Amino acid sequence: MVRPNPAGELDAVALETALLETWKNERTFQQSIDSNRTGAPFIFLEGPPTANGKPGIHHVVARAYKDLVCRWKTMEGFLVERKGGWDTHGLPVEIEVQKRLDLMSNEAIEEFGMQAFNDACRESVWTYESAWREMTERMAYWVDLDNPYVTLHNDYVESCWWALKQMFDKDLLYRGHKVLPYCPQTGTSYSSHEVALGYKEVEEPSVYVKFKLVDDSASILAWTTTPWTLPGNVGLAVGPDVTYARCRVREEPEGWQGRGGASVGEELILAKDLMGEVLRHHVDIIEEIPGSSLVGKSYEPLFQNAVPRGDSTTAWTVLSADWVTTTDGTGVVHTAVMYGEDDYNLGMEVGLPAYHTVSMEGNFVDGVHPELDGRYVKSCDDSVMDILVGQNDSIASGLLYREKSYLHDYPHCWRTDHPLLYYAMDSWFVRMTAVKERLLEFNDGVEWAPDWVGEGRFGEWLRNVKDWAISRERYWGTPLPVWRDEDGNMKCIGSIAELQAEIAKANAAGFENPECPDDVDLHRPVVDAFTLVSNDGKPMHREPFVMDCWFDSGCAPFAQWHHPFDENKTFDASFPVDYICEGVDQTRGWFYTLLAVSTTVFDSPAYKRCLSLGLILDAEGKKMSKSRGNIVDPWDHFNREGADATRWYMVTAGAPWNPLKFDSNGVRETYAKMFLTLWNVYRFHADYAALDAFDPASSTSSYESRSRLDRWILSKLHSTAKAYHEGFTNWSFHKACRELEDFIVNDLSNWYVRRSRRRLWDEAESGDKLACQHTLHEILVTLCRLIAPVSPFMVDTIHRNLTGETVHTAVWPIGTPGSTQGATADAWNEDLVSATQQLPLQDTELEHEMALVRELAETGRRIRIDAQRRQRLPCAEGWIVAGPSLEAYHDLLCEELNVESISVETDLDRFQQVELGVNFRALAPRAKGDVNAIASQIKNHPDQDALLADIRNGSCTIMGVDILESDVEVRRAEREGYAAATITVGEGDDALHVSLVLDMQDTPHLLSKGLARDITRRIQSKRKDMDLEIEAMIDVEVWMTDAPELFEEDRVWISKETRASGIAFAEDQPPADVESFNVDGAQVSYRVKKV
RNA sequence: GCGCGGGUGGCUUAGUCGGUUAGAGCACCCGGCUGAUAACCGGGAGGUCGCAGGUUCAAGUCCUGCCUCGCGCACCA
């Protein structure tokens, strides 16, 4: 037997913190999983956060949506296990540690000791773990944080190694070059994230250089902002569709400054559009040439022998590249293979020689030029220009056309402030281009929310897929498990056992190796120390890279289970996963790497559904980020409005995929409106239920014995719950929750509870009271279950008090498809028809009637304002004109409208008149351009009744168009001069025009009643001020002057309403110390005393 | 530059197949109601629906261009 306790005042924060304790003690989360052991699995995969930053409100949003779906599916009977995860490798960790330990270069790190450095990283990763854990628990994101997967754990790393070996064996892993921003001082290349830290505006010399064609007197002009790359030049790229001009110098220019120049008669080729900007000489255009005709021409290398030709047939020729534009320079792009991404790609494509002219230290290598060899490239700009001018060379005219300073943003090292060099580095790649078709195919099978992220942004990314550069020249990460000998022979190691076997082999071949125990630390520098042996008997050393940390998280679906080393079948049963959910910024991050790894390793998609969340912006619409310092601390709200309100706000503030402007005021509003209202509805029920010792189990109330009001709210609940569930199934959580909130505030609180208040006041048992209590009980229990996935706290308190059980092991009111035989999580949109049987009966006609009644009640208030008649002064009679029969609601309407009686008036014309409107959809096709003129003639016709009669007779023609009955909409409105109003309910053919008319006459009887109500209201308000118990009795004294007569029955009514044991009325002057008020000219004073 | 998504009263937003007077909430003003809360009800003020064209009898809605914000991609030779 469960009897509700009184609810008491709401203290959301206390309620929530108390519940957290209860959940912990009762292991409610575990229970909610265990109770579904036989259910179909619904596989969720947690995207691992990095715990070396403080969690902000934007993390709460993502976790709210993850939690919502998992809780919902759990209530539907699915087995939803949620393993937590931590992303622990990668650059951000290293940067953090480097800053703290002041290790500003790789040299410094190595001096400090790689082991010590990595130990510091390993520790740093957990800096904010407790903050994350506290946030996660406080917001009630249910996830298993006690057994999380951790990307730095040996088991996890071993699974990653295994995956890499799969790729290696399929020839999807290869070694190549990648041009990266590189700092020769620190010896490190940088990720875009780090590069972004160091952009600076600098002014540098740029140069226009003449490339002398072979077998042609002309030179091609090219421009570069990095003169130090010129010795590495091996090609010139032109746009095939760009028009170039061959110009001949006519005369010297005036006011030439700087080095370089050209002689009269010399011929230069450049983009026609850029001549004006580039050339300082007066020239004649000799010929216009399309870029495509220049392709293939050979030119003389600027620096003889700086780069060996090798077997290249395309070196020092003009090449075609469609990315060449005429926005800068000369429309000809100087190409140095190793020092630009485009250059490198073009070079690989057409077979240019790929040799460095610059060392890793940033100096020119020997053999480039006697004046440059061994010097730091950035300090050689002048020397390069001098060499090109040809002071010491035999080429009389020189190769420099012009120098020009150039202002641009250029990346600098965020640690040393030195300019970065784009530099082709040794790098490892996954051959994603080889599986592009499969990627696209798998992506097609994913249910994306919203769909345009999958088709658009993500699809776009996949269609342009490039090979994935997965190696990083760093220390803290999953080491690349490839060993290589001097001839380029390679072995990829896929497990610790394999490593041990290879080490044994190497040792047998005479190499010395440290111990490699079963629990060897799979990190640098430990793994670097192992030397393996090639099949040729040569030593093999590990490629000195760690993996992109995105590779780690991309392995999560299997690495979290230590697949394939873990014998149990967890992985097989949980792949691909049913649901992932992260911010849209993960599109090319985790969303991609999951798919990239699953495609290359398993030839399978990784996830079936992906909810991509919009960014979280601050109140100004700026992205929330650590660097901006505009992160909202979730605890500000957890400690004020509570996690329930915070979560509900996040879900209702907009579609999950839209950017969310986080508005702190919105959380307050949600609290005040949604949760306070819900609590007060609950409180109303619980307080009376406790008073009456109501026990839902030991009494019943049949459907037939419920009032119309009960049946109406039950039916409304049915409709709302169904729509709510449908909203969930098509990802419209925001719409679902807004609708539910509207139900609670509007239908339940403002109408049902308000209308039902008196039913519970009755101290005696009655069937009607019981009906109301059962109804409230049923409504609240169902509501709790519907709300629980979104905001799990308050509803659990309510549910526990009403039913004795937690809401979190309760069933979903719309059905439990997960617990049916043979169910799968794929049946996301199952048929609802049978499932909704679990909801109370639906009666749409009743819903329509009640909607009309409520509108009439509101209409009454409007009429009174127009007629300046206060609400508490009753009217003798009200008439309802037209509309469906509302007999059953007359009592209700009398109370709401404050009228003595309601009658139905069938003579529509007494209060209503016809007004004609135009049905544009019907009339427009025939009337065409005259439709508006016809419409206005119809509307403004002086006798609408007659016009309607004509139309019905078929004898109405306006502007040559026959007006049919279907062309017009007949509306009815109240006639002028009555205290009346007409409302329209429904649409189209079902539209109803109902008028309400109120009798405005006063009688002594009505005036007395009105006065009584005013007095009562004041006394009630006083009772409340005095903080009296509901049952407390009072003594009342009232003094009245200039008041209408107050009849005996109304005096009795006052004392009854206000629980006055004694009430005295006087006509004389009141004492000075009593409260008084004015109503319609009457002076009323009163005094209330507790008995 | 390319792609995706936005731009609707002071703020947050709804707006379906193009259809009559663009709908809410917050805040503001007036009034009412209340043993009902930070609530509720009625009324008011506040909108060139980013701009400009176009299609149409009719455009917040469809088309084109532009401006602007956010995100992503590319580029910065």
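Just so you know, these numbers come straight off a predicted model, no measurement behind them. Throughout, protein chains are lettered first and strands after them, A, B, ... in sequence-line order, and every chain is numbered starting at 1.
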**OP:** Return no unless some side-chain N or O of A:Thr225 is found under 4.0 Å from OP1 or OP2 of B:A77.
**Re:**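 It does, given that an N or O in the side chain of A:Thr225 lies less than 4.0 Å from OP1 or OP2 of B:A77.
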Original post:
Can a side chain N or O of A:Arg668 be found less than 4.0 Å away from OP1 or OP2 on B:A38?
Top reply: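 False: A:Arg668 side-chain N/O out of range (4.0 Å or more) of B:A38 OP1/OP2.
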Is there a Watson-Crick or G-U wobble partner for [N] with both distances under 3.5 Å, and if so, which one is it?
| N | value |
| --- | --- |
| B:G1 | B:C73 |
| B:G60 | none |
| B:G25 | B:C11 |
| B:U48 | none |

Taking the side chain of [X] as its heavy atoms from C-beta onward, which of [options] lies nearest to it?
| X | options | answer |
| --- | --- | --- |
| A:Arg872 | B:U34, B:A77, B:C41 | B:U34 |
| A:Lys661 | B:C26, B:U12, B:A77 | B:U12 |
| A:Glu858 | B:A77, B:U13, B:C41 | B:C41 |
| A:Arg1013 | B:A14, B:U34, B:A74 | B:U34 |

[N] to [M] separation - [atom1] atoms, rounded to the nearest Å:
| N | M | atom1 | answer |
| --- | --- | --- | --- |
| B:C2 | B:G9 | C1' | 36 Å |
| B:C69 | B:U8 | C1' | 15 Å |
| B:U13 | B:U56 | C1' | 30 Å |
| B:G44 | B:C17 | C1' | 35 Å |
| B:C75 | B:U61 | P | 37 Å |
| B:G6 | B:A45 | C1' | 29 Å |
| B:U16 | B:G72 | P | 29 Å |
| B:U68 | B:C49 | C1' | 16 Å |

**OP:** Go through the steps for A:Phe458 and A:Trp461 under the test ring pair (Phe, Tyr, Trp, His ring centres under 6.0 Å), then give the verdict.
**Re:** CA-CA 5 Å; A:Phe458 196 59; A:Trp461 172 258; 8.1 Å; no
Subject >> Within the 6.0 Å centroid threshold, strictly below: A:Trp228 and A:Tyr339 >> reply: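 Between A:Trp228 and A:Tyr339, the centre distance is under 6.0 Å.
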**OP:** Go through the side-chain N and O atoms of A:Ser612 and A:Trp448 and say whether any donor and acceptor fall under 3.5 Å apart.
**Re:**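 No donor-acceptor contact under 3.5 Å links the two side chains.
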**OP:** Taking atom types as modelled, find out whether A:Ser756 and A:Arg759 have a side-chain donor-acceptor pair closer than 3.5 angstrom.
**Re:**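 Note: A:Ser756 and A:Arg759 side chains meet the donor-acceptor criterion.
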**OP:** Flag this pair as yes if the NZ/CZ of A:Arg1018 is under 6.0 angstrom from the six-membered ring centre of A:Tyr1086 and inside a 45 degree cone about the axis; otherwise no.
**Re:**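 No - A:Arg1018 does not lie over the ring of A:Tyr1086 by the 6.0 Å and 45° rule.
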**OP:** Let me know, please, whether A:Val745 or A:Leu660 comes out on the 5' side of the other along RNA chain B by nearest nucleotide.
**Re:**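 Its nucleotide being nearer the 5' end, the pick is A:Leu660.
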Original post:
For A:Tyr671 and A:Ala653, take the nucleotide of RNA chain B holding the closest heavy atom to each; which residue's nucleotide lies nearer the 5' end?
Top reply: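 The residue closer to the strand's 5' end, by nearest nucleotide, is A:Ala653.
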Original post:
Hey, is B:C62 sitting syn or anti, using the within-90° cutoff around 0?
Top reply: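 Here the answer is anti: the torsion falls beyond 90° from 0.
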Subject >> Salt bridge flag under 4.0 Å for residues A:Asp747 and A:Arg854 >> reply: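 The answer is yes: the pair qualifies as a salt bridge.
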Original post:
If you look at every strand shown and take non-hydrogen atoms under 4.0 Å, does A:Arg1018 touch a base, only sugar-phosphate, or nothing?
Top reply: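 Nothing: the residue A:Arg1018, judged by heavy atoms under 4.0 Å, touches no strand.
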Original post:
Tell me: OH of A:Tyr344 to P of B:A74, nearest whole Å?
Top reply: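 Roughly 18 Å, once rounded to whole Å.
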